[in-house]
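The block underneath contains the structure these notes are about, expressed in C-alpha cells.
In what follows, chains carry the letters A, B, and so on, assigned in the order in which the sequence lines appear, proteins first and then strands, with residues in each chain numbered from 1.
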Number of protein chains: 2
Amino acid sequence: MGVADESLHGAVLDKLGALVVAGEYATGQVLRIEQLEARFGVSRTVVREAVRVLASMGLVSSRRRVGVTVSPRASWNLFDPRVIRWRLDNGERESLLRSLGELRLGVEPVAAALAAAHATPEQCGRLTEAVMRMAVHGRAGDLESYLAADILFHRTLLEASGNDMFGGLSTVVAEVLAGRTHHRLMPAFPEPAAIRRHAEVAQAIQSGDAAEARRAMRDIVEEATRAMLGPGG
Amino acid sequence: MGVADESLHGAVLDKLGALVVAGEYATGQVLRIEQLEARFGVSRTVVREAVRVLASMGLVSSRRRVGVTVSPRASWNLFDPRVIRWRLDNGERESLLRSLGELRLGVEPVAAALAAAHATPEQCGRLTEAVMRMAVHGRAGDLESYLAADILFHRTLLEASGNDMFGGLSTVVAEVLAGRTHHRLMPAFPEPAAIRRHAEVAQAIQSGDAAEARRAMRDIVEEATRAMLGPGG
DNA sequence: GCGGCTGATAAATCATACTTTTGATGCCGA
DNA sequence: TCGGCATCAAAAGTATGATTTATCAGCCGC
C-alpha cells in the first residue's frame with residue numbers, strides 16, 4: 001500500500017510510526033537507537049533514517065546524549081497522509097473521522113465553488129467520467145472500484161479549484177475515503193442518492209454555478225459524515 | 001529559525017529543499033548522492049538522511065541504479081510547514097499567499113464557530129491575553145512581538161475548536177503570519193481595526209456566540225488577505 | 001547553596017565495505 | 001532488421017567500526 005514493502009527503511013518507518021501513533025510508547029518516553037536496532041533486527045543506518053523521517057513528521061525528536069524522545073501530539077504533523085492512516089488504523093478512528101469530516105465541510109464546498117469558476121473542460125470531463133464509474137461499480141457492489149472512482153472525483157474537484165492548497169488536501173481526503181471503505185464503514189451497496197449528489201456537483205461545476213456546486217458539495221460531505229458516524233453524529 | 005542550525009543534516013535538508021522548491025532542479029532531473037556529498041561537503045550518511053526526509057515530503061524519490069529524482073509538484077506535501085516556508089521564500093510568494101488566504105477563509109471561520117462552543121475558560125483567557133499583547137506591541141511598532149501574539153491568538157483559537165485537524169493547521173497559519181511579517185507585507189504599525197476585530201472574535205467566543213465569532217473571523221482573514229495582496233486581491 | 005569543572009554517555013558524523021536491484025549493453029537467433 | 005535474453009556495471013541500499021561532539025550528572029570548591 002505505501003512505502004513499506006519497498007525497503008527495509010520503509011518497513012521500519014511504518015511499524016515504528018504506527019506504534020508511536022497507537023500510543024505504545026508514551027509521550028516523553030525515550031527510545032535508544034541501539035534498542036530499536038535490536039527490536040527490528042536492522043542496522044543503525046536503517047533505524048536512523050526511519051527516525052529522521054519520524055522526526056520530520058514531528059512524532060519524535062532526537063537529541064544527543066538523550067535518545068529519541070516521543071513528542072506530544074501537539075507537535076505532530078497531522079496532515080501527513082501516513083499519520084492519518086496510522087491514526088485511522090488505531091482506536092481513535094471515530095473521533096478522527098469526525099474531525100476530518102468537519103475539515104472537509106470547511107474546505108470542499110469552498111473548493112467546489114472555486115471549481116465552478118476555474119475548472120477546465122478536461123477537468124469537467126474527468127468529473128463526469130468519475131461519476132459514471134461510481135454509478136457502474138456502485139450498482140455492481142464493487143466497493144474497491146467505487147472507492148477509486150470516488151477518490152478520482154474528489155481529487156479532480158480539489159485540483160480544479162485552482163488552489164494549490166486545496167489540491168494538496170486530495171491525499172487527505174483520499175485517506176478518509178479509503179479508511180471508510182477499508183474499515184467497513186460503507187454499506188455493501190453505496191446509496192444511489194450519494195451518487196446523484198456527485199452528479200449534481202459535476203453538473204453545477206460544468207455550468208459554472210458556484211452556489212449550487214457549494215450546496216451540493218456540502219450535502220455530500222454532511223451526508224457522508226452522518227452515514228459513517230451514525231445518526232447521532 | 002528552523003532545524004537548520006542544529007545539525008549538519010538539518011542544514012543540508014534546508015538548503016536542498018529550498019533548491020528543489022525554487023525550481024533550481026527541474027522536475028525529473030536526477031541527482032546523485034555522491035554529487036550531493038561533494039556539493040555540500042558532508043558524508044554520505046548526512047546526505048542520505050536529508051534525501052530521505054525530502055522523499056517523505058514528496059519532493060524527490062530515490063531509486064536504485066537511477067538516483068534521486070525531483071518529483072512533480074503534484075506529489076509534494078504542501079502542508080508541511082517547511083515546504084510552505086520554502087515556497088514563501090521563493091518567487092511564487094503572491095500566488096501562494098492567495099491560496100493560503102482562501103484556505104484560511106474556509107477553515108478559520110468554521111474553527112471560530114466551533115471554538116465558541118468548545119473553548120475552555122483557560123483558552124478564552126489566552127485569547128484575551130493574546131489580543132492585549134497585540135495591542136501593546138502594535139502601538140509600540142514592535143512587529144516581531146506583535147507577530148508572536150498574533151500567532152498565539154490563531155493557534156489558541158484553532159486548538160480551541162476542539163478539532164485536531166484544525167489544530168494541526170496552526171503551524172500553517174503561523175507560517176503565513178510569519179511570512180507576511182518577514183517579507184515586509186505588513187505596515188510598520190498594524191491597523192488598529194485589525195486588532196479590534198481580534199478582540200471581537202475573542203469576545204464572541206467567550207460569550208459562546210458562534211455566528212458572531214464566525215463573522216468576525218471571516219472579516220479578519222478577508223481583510224488580512226486583501227491588505228497583503230493589494231486592493232485588487 | 002550556587003556556579004563552574006569533569007567524566008561518562010549516546011547521538012551525530014564520517015569512512016568504508018558489502019549487497020541488491022535494475023538500467024544498459026550487446027549478443028544471438030529468427 | 002528486429003526482438004528477446006543473458007550479462008555487466010552503476011548507484012542506491014545496508015551494515016559496521018571509528019571518531020567527534022553535545023549534554024547530563026555528579027563532584028568540587030567557594
Side-chain angles (χ1 to χ4, degrees), chain A residues 1-17 19-20 25-72 75 82, chain B residues 1-17 19-20 24-72 75-76 82:
Chain A
M1 184 189 281
V3 175
D5 335 299
E6 319 262 337
S7 63
L8 265 183
H9 145 269
V12 171
L13 171 60
D14 204 41
K15 283 183 210 157
L16 191 50
L19 285 173
V20 171
Y25 300 119
T27 298
Q29 181 170 350
V30 299
L31 316 170
R32 259 168 271 114
I33 296 275
E34 200 178 357
Q35 190 183 103
L36 295 171
E37 286 175 47
R39 172 90 134 99
F40 296 105
V42 296
S43 74
R44 245 190 3 268
T45 313
V46 171
V47 171
R48 285 183 52 79
E49 287 177 8
V51 166
R52 275 270 183 269
V53 174
L54 288 177
S56 93
M57 298 194 283
L59 296 199
V60 303
S61 66
S62 179
R63 281 175 53 223
R64 268 185 159 123
R65 162 67 191 169
V66 176
V68 177
T69 312
V70 178
S71 300
S75 67
R82 279 161 305 191
Chain B
M1 185 191 277
V3 176
D5 335 299
E6 320 261 339
S7 63
L8 265 184
H9 149 267
V12 171
L13 171 61
D14 203 42
K15 282 183 211 156
L16 192 50
L19 285 173
V20 170
E24 293 285 320
Y25 300 119
T27 298
Q29 182 169 351
V30 300
L31 316 169
R32 262 169 280 111
I33 296 274
E34 198 179 356
Q35 191 183 102
L36 296 171
E37 287 175 48
R39 173 91 135 96
F40 296 105
V42 296
S43 74
R44 199 146 153 236
T45 314
V46 172
V47 171
R48 284 184 52 79
E49 288 176 7
V51 165
R52 276 267 178 273
V53 173
L54 287 177
S56 93
M57 297 194 276
L59 295 201
V60 302
S61 67
S62 178
R63 281 177 53 220
R64 273 188 154 117
R65 165 67 191 174
V66 175
V68 177
T69 311
V70 178
S71 299
S75 67
W76 296 1
R82 277 160 306 190

What are the two closest non-hydrogen atoms of [X] and [Y], and how far apart are they?
{"X": "Leu36(B)", "Y": "Leu31(B)", "answer": "CD1-CB, 4.2 Å"}
{"X": "Ser61(A)", "Y": "Ser71(A)", "answer": "N-OG, 3.6 Å"}
{"X": "Val68(A)", "Y": "Ser62(A)", "answer": "CG2-OG, 4.1 Å"}

Nearest-angstrom distance from the residue atom [atom1] of [X] to [atom2] of [N]:
{"X": "Arg52(B)", "N": "dA12(C)", "atom1": "CZ", "atom2": "P", "answer": "17 Å"}
{"X": "Arg48(A)", "N": "dC14(C)", "atom1": "CZ", "atom2": "C1'", "answer": "11 Å"}
{"X": "Leu8(B)", "N": "dA22(D)", "atom1": "CG", "atom2": "P", "answer": "11 Å"}

Tell me which residues in residues 27-44 of chain A lie within less than 4.0 Å of DNA chain D, going by non-hydrogen atoms.
Val42(A), Ser43(A), Arg44(A)
The correct set of residues in residues 55-71 of chain B placing a heavy atom under 4.0 Å from DNA chain D is Ser62(B), Arg63(B), Arg64(B), Arg65(B), Gly67(B)
What's the separation between atom CZ in Arg48(B) and atom CD in Glu37(B), rounded to the nearest 0.5 Å?
10.0 Å
Once you round to the nearest 0.5 Å, how far does CG of Leu13(B) lie from CG of Leu8(B)?
12.0 Å
Please enumerate all residues that pass side-chain hydrogen bond (donor to acceptor under 3.5 Å, both in side chains) together with Arg52(A), with sequence neighbours excluded.
His9(B), Glu49(B)
CD of Glu34(B): more than 12 outside heavy atoms within 6.0 angstrom?
no
Pair Thr69(A), Arg63(A) - check side-chain contact (heavy atoms from CB on, under 4.5 Å), show working.
CA-CA 8 Å; Thr69(A) 312; Arg63(A) 281 175 53 223; 5.9 Å; no
